[in-house]
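Everything numeric here is computed off the predicted structure, so don't read it as measured data. Just so you know, residue 1 is the first one in the sequence shown, and it goes up from there.
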Amino acid sequence: MCGIIGIVAHSAVNQAIYDGLAVLQHRGQDAAGIITCEGGRLHLRKNNGLVRDVFHTRHMLRLYGNMGIGHVRYPTAGCESSAEAQPFYVNSPYGISLAHNGNLTNSDKLKQELFQEDLRQINTDSDSEILLNVFAHELQQQGKLKMDIDDVFKAVAGVHKRCKGAYAAVAMITGYGVVAFRDPFGIRPLVFGKQETPQGTNYMMASESVALDALGYELVRDVAPGEAVFITLDGQLHTRQCADNPSVMPCIFEYVYLARPDSIIDEVSVYKARLRMGEKLADKIHRIRPDHDIDVVIPIPDTSRTSALQLAYKLGLKYREGFIKNRYIGRTFIMPGQQQRKKSVRQKLNAIDLEFNGKNVLLVDDSIVRGTTSSQIIEMARDAGANKVYFASAAPPVRYPNVYGIDMPNTDELIAHGRTEEEVCKEIGADWLLYQDMEDLVDAVRKGSAAINGFDDSVFTGNYITGDIDKNYLDVLQSARSDAAKNERRENDDEVIDLYNSA
């Protein structure tokens, strides 16, 4: 899960990209980067940290140019080195920079091909650098001193033929423009919009529509699965379908947790999808516990608020904000290290005792991943005086790892893997546990768009839509994602000074 932005405008883009990345900060809190183009010269700044910490005034003043791309990252299975902050750059051909959201599932094979056949060297463990070099090689294969629009689209078509997995990307070609493209399943989101100015039309691509809204851009539409959208340096828009058999199958977890509620993804309002999730949960409670004794519904902030509010409304129950959140603590499920995750929950939330004391409370969360947060929050509710603590998840049980760009834990760290719902309930310490049914979740999201053919729901079902995931792949991924492996990589990173950090 990362956030990407690309802008081609008739004035300087540095501040706009910065502001857009700040809006997309929820998609990645580990690193940030911006690269801009002024004539034939590139200006890059990237490093580990939040947007506000990576870019200071002295950096912003040096990011010249009317064209640029930006990225916010959170680490997946690869290293968490500052060298892997994006965008990445490759000199040949033309000078190409790229920012990527997703994960290539055949990256090892591609890396070998790039070295042995394409004669390209990969300098990091990031699959984004692999994606960049595949795109660069496919563009170079056109064999032209000066490229044209068709060459760009042919290169994207070549990427689709070689790369498997999830990728939404923006690539800036020095002196030519910015191209945005999305994998043939459209697993990760990508939209584009425009802004009319006295100088002409500005164009922007971003992971979520909320970034366009914040910068005053009008949403044109989603970049279709398999499609490429190319904005030339003079502000001309060109689009083309570059995949043979595209299908709209976005990641359903975007709607559950990852995306902001004020975003629209594949024509579906995330906010309305979450309202419908709450309605479905209320219907399930009516169906299986019509004689419930719930006194109050309390959301676990922030993502579950929308679902919890609609659930309470439909059940005719009180809705109360029982937890106050410290907004300076990051999302706990993506934090590195179990000890840090455990510590951060108590730092992040504080219970308001009067909303719990002597009451039967229904806590609502967007999902349950490790169960670390859920169990501690239930304990906090009991400490605040709750009589009974019930727990509802707006999503089904998370039982399988994600391979398409979300750093879901190993299967043995997923609390629902290999356990029944009753066993999970006991593990987290709830008096009763309610999960969303898979069919209800699909209906809640799909109702917003007739264009959606299906979903990547692999974290719930174990069905990986790209068709190339086997046990061996998952075993290797599990080894790379273990907390021990991540800690070792952090220690090793302290010993290396990398070229990419010099900006």
Side-chain angles (χ1 to χ4, degrees), residues 2-6 28 31-37 42 44-46 67-73 75-79 81-142 147 151-183 188 190 205 207 223 228-230 242 405 498-501 503:
C2 299
I4 59 175
I5 285 177
I34 295 173
I35 188 167
T36 58
C37 180
L42 299 176
L44 169 67
R45 168 64 184 173
K46 61 178 182 176
M67 175 173 72
I69 63 175
H71 186 269
V72 287
R73 179 194 77 176
T76 51
C79 182
S81 163
S82 58
E84 298 197 4
Q86 297 183 41
F88 285 115
Y89 170 77
V90 68
N91 182 59
S92 179
Y94 313 116
I96 304 173
S97 314
L98 180 138
H100 163 226
N101 174 32
N103 183 57
L104 301 183
T105 54
N106 64 334
S107 57
D108 289 343
K109 179 175 179 288
L110 288 170
K111 188 173 184 178
Q112 186 177 30
E113 288 177 358
L114 285 167
F115 181 73
Q116 294 180 347
E117 300 174 22
D118 302 346
L119 306 181
R120 287 179 172 271
Q121 174 66 38
I122 304 302
N123 193 48
T124 71
D125 292 326
S126 173
D127 63 329
S128 302
E129 189 187 9
I130 292 171
L131 180 64
L132 167 60
N133 276 273
V134 171
F135 176 69
H137 177 76
E138 293 300 320
L139 192 57
Q140 194 168 35
Q141 288 294 96
Q142 308 306 314
M147 67 167 217
D151 296 331
V152 176
F153 292 136
K154 288 177 183 176
V156 174
V159 169
H160 291 330
K161 286 181 172 65
R162 296 181 65 180
C163 296
K164 293 184 179 181
Y167 50 93
V170 287
M172 181 171 66
I173 307 170
T174 306
Y176 288 94
V178 173
V179 59
F181 56 93
R182 199 173 173 201
D183 71 76
R188 301 264 73 87
L190 189 60
M205 306 91 152
S207 292
V223 177
V229 175
F230 184 45
C242 301
D498 197 279
L499 172 66
Y500 281 88
N501 233 1

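- Between the CD1 atom of I122 and the CD atom of Q112 there is a distance of 12.5 Å, given to the nearest 0.5 Å.
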| message | One pair to check against side-chain contact (heavy atoms from CB on, under 4.5 Å): L131 and C163. What are the steps and the verdict? | response | CA-CA 8 Å; L131 180 64; C163 296; 3.9 Å; yes
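- Interatomic distance, OG1 of T124 versus CD1 of I130, reported as 7.5 Å (0.5 Å rounding).
- Residues L139 and I173 are in side-chain contact: their nearest non-hydrogen atoms beyond the backbone lie under 4.5 Å apart.
- F88 and A83 get closest at one heavy-atom pair: CE2-O, 3.7 Å.
- When all heavy atoms are compared, the tightest approach of A155 to F135 is CB-CE1, 3.8 Å.
- A pairwise comparison of heavy atoms in A136 and P93 identifies O-CD, 3.3 Å as the closest pair.
- F230 is not listed as a side-chain neighbour of V156, based on a closest heavy-atom distance of 4.5 Å or more.
- Side-chain N or O atoms of K46 include none that pairs as donor or acceptor with a backbone N or O of A31 at under 3.5 Å.
- Expressed to the nearest 0.5 Å, how far CZ of R120 lies from OG of S92 amounts to 5.5 Å.
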| Steps toward salt bridge (charged side-chain N to carboxylate O under 4.0 Å, His left out) verdict (E138, R162) | CA-CA 10 Å; E138 293 300 320; R162 296 181 65 180; 3.2 Å; yes
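- One finds the CG atom of L98 at 11.5 Å from the OH atom of Y167 (value rounded to the nearest 0.5 Å).
- Residues H160 and R182 come closest through the heavy atom pair CE1-O, 3.3 Å.
- M147 and Y94 make their closest contact through CB-OH, 3.4 Å (heavy atoms, listed as atom of the first residue, atom of the second, distance).
- The one candidate from V134, L104, D125 that meets the side chain to side chain contact (heavy atoms under 4.5 Å, CB included) condition with K111 is D125.
- Partner of S128 under the side-chain hydrogen bond (donor to acceptor under 3.5 Å, both in side chains) criterion, chosen from H100, R73, H71: H100.
- In plain terms, the two heavy atoms of I69 and V170 that are nearest each other are CD1-O, 3.8 Å.
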| message | Test side-chain contact (heavy atoms from CB on, under 4.5 Å) on I35 and M172; report intermediate values, then the result. | response | CA-CA 9 Å; I35 188 167; M172 181 171 66; 3.9 Å; yes
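- Atoms CG and CZ, from D183 and R188 in turn, are 9.0 Å apart once rounded to the nearest 0.5 Å.
- Although no hydrogens or angles enter the test, the distance criterion places a donor-acceptor pair under 3.5 Å between the side chain of N101 and the main chain of C2.
- Within the model, atoms CD of Q140 and CD1 of I96 stand 8.5 Å from one another, a figure rounded to the nearest 0.5 Å.
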| task | Go through the steps to decide whether Q86 and I4 satisfy the test side-chain contact (heavy atoms from CB on, under 4.5 Å), and finish with yes or no. | result | CA-CA 10 Å; Q86 297 183 41; I4 59 175; 5.8 Å; no
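- For the pair F181/V159, a side-chain contact is recorded, criterion being any heavy-atom separation below 4.5 Å from C-beta on.
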